[in-house]
Amino acid sequence: MIVPIANKVGIVSTRIDTCRSSLFCSKNSSVSLHPTNVADRVLMDIQNSGIIACLRAKSAELAVEAARAALRGGISVLEITMSTPGVFEALQCLVQEYPSASIGVGTVLDRRVAKEAVHIGAKFLMSPAMVKGILSDVAEGQALYIPGAATPTEVLSASTDGAKLIKLTDTDSVGAYICEGASAVVLSDAIFDKKAMAERNFLRIHHLACSAATKGNQAVRKIKCMDE
């Protein structure tokens, strides 16, 4: 989740298999109503949608088809993990087909991969831990970098270094995270169901994406109404 570290902080949680990872917004997470760079546009999309779809697949072709189903279902922020064979091929295809969507890459472990992903068109990068150098590489807002953290010290360190979102691991529900201040929840199996992926049941993935997007939007609207 994302919790206040200094001033106002948001939360994004991520579901991977049976667990959910949370993304803490740091004090650097304020976004203009009219963002002028990629990183701020992605952050705004995350905060408005309430959902990040996390996709891992056994091939680039399967990843593209599953992603299309999810994006057509209302998902606006999509992460493709580096464990997906042909991940950059899938990324290139999707960013061309869906230029307005925030599509990024997850499990980024080194600067070389990060630079290549951004060059291809990734709008955000996600890592299980802070990878030195990536924040400075995207300092001008070319992409949003979301490092992982496991302890309060690591969260504080990432925030101090300039991270706008920080990923943690937890096991709660979408609504609960957002009601506690989360900006969004990242879902994996809840959208890209293992059986549906194995059977190439893209209609099922589409329906799950519709449901997830609706729940995320409802939670975000509820929080906005409470803040008014």
Looking only at side-chain N and O atoms, does R41 offer a donor or acceptor that is under 3.5 Å from a partner on S102?
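No.
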Between [atom1] of [X] and [atom2] of [Y], what distance do you get to the nearest 0.5 Å?
X: L125; Y: M82; atom1: CG; atom2: CE; value: 10.0 Å
X: I103; Y: Q96; atom1: CD1; atom2: CD; value: 10.5 Å
X: E61; Y: C93; atom1: CD; atom2: SG; value: 10.0 Å
X: L135; Y: R111; atom1: CG; atom2: CZ; value: 10.5 Å
X: R56; Y: I80; atom1: CZ; atom2: CD1; value: 12.5 Å
X: L144; Y: N37; atom1: CG; atom2: CG; value: 9.5 Å

One pair to check against side chain to side chain contact (heavy atoms under 4.5 Å, CB included): V131 and V108. What are the steps and the verdict?
CA-CA 8 Å; V131 178; V108 177; 5.8 Å; no
Please walk me through it: do I52 and L187 pass side chain to side chain contact (heavy atoms under 4.5 Å, CB included)?
CA-CA 6 Å; I52 300 174; L187 301 174; over 6 Å; no
Show the nearest heavy-atom pair for residues [X] and [Y], with the distance to one decimal.
X: A143; Y: A39; value: O-CB, 3.5 Å
X: I166; Y: S159; value: CD1-N, 3.8 Å
X: L78; Y: A67; value: CD2-CB, 3.5 Å
X: S59; Y: T84; value: O-CG2, 3.9 Å
X: S136; Y: G133; value: OG-O, 2.8 Å
X: F124; Y: V77; value: CE2-CG1, 3.7 Å

Under 3.5 Å: donor-acceptor pair, side chain of [X], backbone of [Y]:
X: D40; Y: T36; answer: no
X: T214; Y: C210; answer: yes
X: S49; Y: S76; answer: no
X: H206; Y: A70; answer: no

Quick one: does [X]'s side chain get under 4.5 Å of [Y]'s, heavy atoms only?
X: Q142; Y: V38; result: no
X: V105; Y: L91; result: yes
X: K195; Y: N201; result: no
X: Q47; Y: V220; result: no
X: T107; Y: S83; result: no
X: D189; Y: K194; result: yes

For the hydrophobic clusters of this structure (ILVMFWY residues joined by side-chain heavy atoms under 4.5 Å, transitively), does one cluster hold both [X] and [Y]?
X: L71; Y: L208; result: no
X: I120; Y: L55; result: yes
X: I146; Y: L109; result: no

Apply the test side chain to side chain contact (heavy atoms under 4.5 Å, CB included) to residues M197 and L62: give CA-CA distance (whole Å), side-chain angles for both, the deciding distance (0.1 Å), then the verdict.
CA-CA 8 Å; M197 291 288 286; L62 178 57; 4.0 Å; yes
Would you indicate whether E89, at its atom CD, is surrounded by more than 12 heavy atoms from other residues, nucleotides or ligands within a distance under 6.0 Å?
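No.
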Can you confirm whether more than 12 heavy atoms, excluding those of E140, are under 6.0 Å from its CD atom?
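Open.
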Pair listing, side chain to side chain donor-acceptor pair (under 3.5 Å) test, anchored in residues 119-135, at least two apart:
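Output for this query lists S127-Y145.
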Would you call R204-D193 a salt bridge at under 4.0 Å N-O?
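A salt bridge is absent here (no side-chain N lies under 4.0 Å from a carboxylate O).
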Are any of the side-chain nitrogens in E97 or R68 under 4.0 Å away from the carboxylate oxygens of its partner?
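Yes, charged N to carboxylate O under 4.0 Å.
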